[in-house]
Participant: 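Handing you a structure now.
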2 protein chains.
Amino acid sequence: MTSDNKRPLTLRDVSDATGVSEMTVSRVLRNRGDVSEKTRVKVLAAAKELGYVPNKIAGALASNRVNLVAVIIPSLSNMVFPEVLTGINEVLETTALQPVVGVTDYRAEKEEKVLYEMLSWRPSGVIIAGLEHSDAARAMLNAAGIPIVEIMDTDGKPVDAMVGISHRRAGSEMAKAILKAGYRHIGFMGTKMPLDHRARKRFEGFTEALAKEGVEIEDRNFYSGGSALAKGREMTAEMLERSPDLDFLYYSNDMIGAGGLLYLLDQGIDVPGQIGLAGFNDVELLQGLPRKLATMDACRLEIGRKAAEIIAAQLDNPEEEIENRITLTPTISYGDTLKRR
Amino acid sequence: MTSDNKRPLTLRDVSDATGVSEMTVSRVLRNRGDVSEKTRVKVLAAAKELGYVPNKIAGALASNRVNLVAVIIPSLSNMVFPEVLTGINEVLETTALQPVVGVTDYRAEKEEKVLYEMLSWRPSGVIIAGLEHSDAARAMLNAAGIPIVEIMDTDGKPVDAMVGISHRRAGSEMAKAILKAGYRHIGFMGTKMPLDHRARKRFEGFTEALAKEGVEIEDRNFYSGGSALAKGREMTAEMLERSPDLDFLYYSNDMIGAGGLLYLLDQGIDVPGQIGLAGFNDVELLQGLPRKLATMDACRLEIGRKAAEIIAAQLDNPEEEIENRITLTPTISYGDTLKRR
DNA sequence: GTGGGGCTTGATTGCGCTAACCTTGTGTGA
DNA sequence: TCACACAAGGTTAGCGCAATCAAGCCCCAC
């Protein structure tokens, strides 16, 4: 506990110290209404001297305005969501809004809890990852009466606005690229995450596109926990032991893909001649690998930016109709591990 | 904007719907005070049916209690702070407290702004990275009248409590280990971050310990921005070109160290025979590298846990004197790149 | 039957601030 | 010289909820 345990300061204290009314102090601190330069200076000096910090709780209650935007995401421990946050921040910094982040760990019941908790602070908007929510969560979003943007994914119906990419399409595009390059014996590796709907959709899009050409995934492997890079190595070793005839490995994220790549290079296997590889996400990390992994970028920064822009625009002018169903197009990057015919 | 734009619900609405007073509804929703099972059930049903979400702003103002803990960190884009957050979360989840994260980008003026913003919501405690703050920030922390824990670093004087490691000592320990292993021609690579005080302290500790043995750093290189892995490669290539006699490279973080390692292996250089390597942080990523980089773990999870425990304990019982200056001891991990004599 | 104790519920008040209105003082133009 | 506009600042009334205290109710022991 820090030193001086006196009663916390209020507008009243600043008012007493300067001789002007509380209202005038409030006006000065918010830069609102007409205040003479003289009193403005005096009030600011006193507030600073006393160390007064306005109580936003009281302010929010009185004005019925809260400059917070709830941002609800599944995880902070891979690079994808921090980058989305960066995009959100970039835009919100140009406004009076502030993001507040909640993490769900990919669990619907936690999402519900976090959402409830955040809504109880009456934010001005919500940015939430995914289109899949519990009925209760969806009901809360509907009833909140504030702008809602669902991000990352556009394969489904949003509550209000949405910004993302089609993961189904991303999977299918990658499948087409792989087939076009001439690979036919394909293995898949991913996370053991029934609740990661976007990974699931990519997988579905992938297998469907293969099926159209009469190709089936010949082996698959899932992991959970641990270092993704190490897991990528392990799983790849296992899979090639089990299915030595594979000529392509598709990884549900770049990190395990990088692990697989490092393993294959260690083993002296010809990549992409004997075996081709691809991941997903285009993480920065890949730039430093001995060979560049084929991947697809997920437009993370752009998703964050657009989502924040939608919130800001709606708050700015609720009447205005703006584009609020945005599907971005991820670009495939062939790198050095997906040979083109 | 979501559908029904009616006036937001209040306790009053639930009260009207059930026929009991607002106070009783409040009691039910907070599980506070004696309420008969019958009315409890009735009220909960009505609240759920209406989709009522309590207004914490009003609640906080009335009760003068806010169950938020402000967590202020420099960045989310490397793995170190998310892991600290995980530790904080683990502990706070066992309490009624909730973390709220603010990011400073290693800039003092932004730290000040973020702190001011967070304090204006009157949190119950603050966890803030580092011991270096602007005078204004320190004044705010002092005047806040709530538990403050400064984390990561213990080389300095805290405002209140602190939990971390001595980065100066971490640097010096690594220097000793390197010398003991017989290396003498040492290069250093790090981030171009005058404001990362912990990196600076490690560097100082490192050079001082070397100096004691009459050894000086022979070359150094700093980077900013871009993929750390790629930068590690580039800088290492440059440095070895410039100073081919180096026999050890010390990196200020594991990510650039990993880049350097991959580069040296590519070049067929004998690691650790010809050149030894070490990084800092013990990131999970290292597990998947072809060779394990020597490093030092920064006790990130534990720092988060302990910090949260201190906050929780102080709020629980402000009188109780608890250990609030905790210096953890990082353990050095030799991996495969720091040969021992 | 009756007084008292515990359980349950209700009424009042105010948290710190801001929206909306109101008052005062000053300068300006006809 | 006077009316009037407008800038500068004050007054009043809540925002939605929880602390506090008071009141109602029921049941049991004596």
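Residue numbers start from 1 in every chain, and the chains themselves are labelled A, B, ... in the order their sequence lines are given, proteins ahead of strands.
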Participant: A:W121 has an atom CH2; how far is it from atom P of D:dG16, in whole Å?
Facilitator: 16 Å

Participant: Roughly, in whole Å, what's the span from CZ in B:R32 to P in C:dT9?
Facilitator: 17 Å

Participant: Which nucleotide sits closest to the side chain of B:M23: D:dA19, C:dG16, D:dG10?
Facilitator: D:dA19

Participant: Would you find a donor on one side and an acceptor on the other, under 3.5 Å apart, between the side chain of A:E309 and the backbone of A:V91?
Facilitator: no

Participant: Could you tell me the separation between the CG atom of B:L11 and the C1' atom of C:dT9, rounded to a whole number of Å?
Facilitator: 15 Å

Participant: Within this structure, what is the CZ-to-C1' distance between A:R27 and C:dC21, rounded to whole angstrom?
Facilitator: 11 Å

Participant: Does B:R30 place a side-chain N or O at less than 4.0 Å from the phosphate oxygens OP1/OP2 of D:dA19?
Facilitator: yes

Participant: Among the nucleotides D:dG10, D:dC17, C:dG16, which one has an atom lying closest to any side-chain atom of A:V20?
Facilitator: D:dG10

Participant: Quick check for you: among C:dC17, C:dG10, D:dG16, whose closest atom lies nearest to any side-chain atom of B:L61?
Facilitator: D:dG16

Participant: Consider the side chain of B:A62, meaning its heavy atoms from C-beta on, and name the nucleotide among C:dG16, C:dG10, C:dC15 that approaches it most closely.
Facilitator: C:dC15

Participant: For A:G19 and B:G59, find the nucleotide of DNA chain D closest to each by heavy atoms; which residue's nucleotide sits nearer the 5' end?
Facilitator: A:G19

Participant: Does the base of C:dG16 carry an N or O that pairs as donor and acceptor with the side chain of B:R122 under 3.5 Å?
Facilitator: no

Participant: In this structure, are over 12 heavy atoms from other groups packed under 6.0 Å from A:N317 atom CG?
Facilitator: yes

Participant: For B:R12 and D:dA18, give me the distance from atom CZ to atom C1', rounded to whole Å.
Facilitator: 16 Å

Participant: Specify the residue among B:A58 and B:E37 whose closest nucleotide of DNA chain C lies further upstream toward the 5′ end.
Facilitator: B:E37

Participant: Among B:L119, B:I311, B:V69, which residue meets the side-chain contact (heavy atoms from CB on, under 4.5 Å) test with B:V126?
Facilitator: B:L119

Participant: Atom CG of B:N67 and atom P of D:dC17: how far apart are they, to the nearest Å?
Facilitator: 16 Å

Participant: Has B:S36 got a side-chain N or O lying under 4.0 Å from the OP1 or OP2 atom of C:dT9?
Facilitator: yes

Participant: Any salt bridge linking B:E93 with A:K113? Criterion: basic side-chain nitrogen under 4.0 Å from a carboxylate oxygen.
Facilitator: no

Participant: Within the pair A:S63 and D:dC15, is there a side-chain N or O less than 4.0 Å away from OP1 or OP2?
Facilitator: no

Participant: Please check the phosphate of C:dC15 (OP1 and OP2 only) for any side-chain N or O of A:T10 closer than 4.0 Å.
Facilitator: no

Participant: Measure the distance from NZ on B:K38 to P on D:dC26 and round it to the nearest whole Å.
Facilitator: 10 Å

Participant: For C:dG10, does either OP1 or OP2 sit under 4.0 Å from a side-chain N or O belonging to B:S21?
Facilitator: yes

Participant: Specify the separation, in whole Å, of atom CD1 of A:I57 and atom P of D:dA18.
Facilitator: 13 Å

Participant: If you only use heavy atoms from C-beta on, which nucleotide in C:dA19, D:dA7, C:dC15 is closest to the side chain of A:D34?
Facilitator: D:dA7

Participant: Base, sugar-phosphate, or nothing for A:N64, non-hydrogen atoms under 4.0 angstrom?
Facilitator: nothing

Participant: Check whether any side-chain nitrogen or oxygen of B:R65 sits under 4.0 Å from OP1 or OP2 of D:dA19, and answer yes or no.
Facilitator: yes

Participant: Short question: side chain of B:N67, backbone of B:A96 - any donor-acceptor pair under 3.5 Å?
Facilitator: yes

Participant: Counting only heavy atoms not in A:N64 (residues, nucleotides, ligands), do more than 12 fall under 6.0 Å from its CG?
Facilitator: no

Participant: Does D:dA18 have OP1 or OP2 sitting under 4.0 Å from an N or O in the side chain of B:S26?
Facilitator: yes

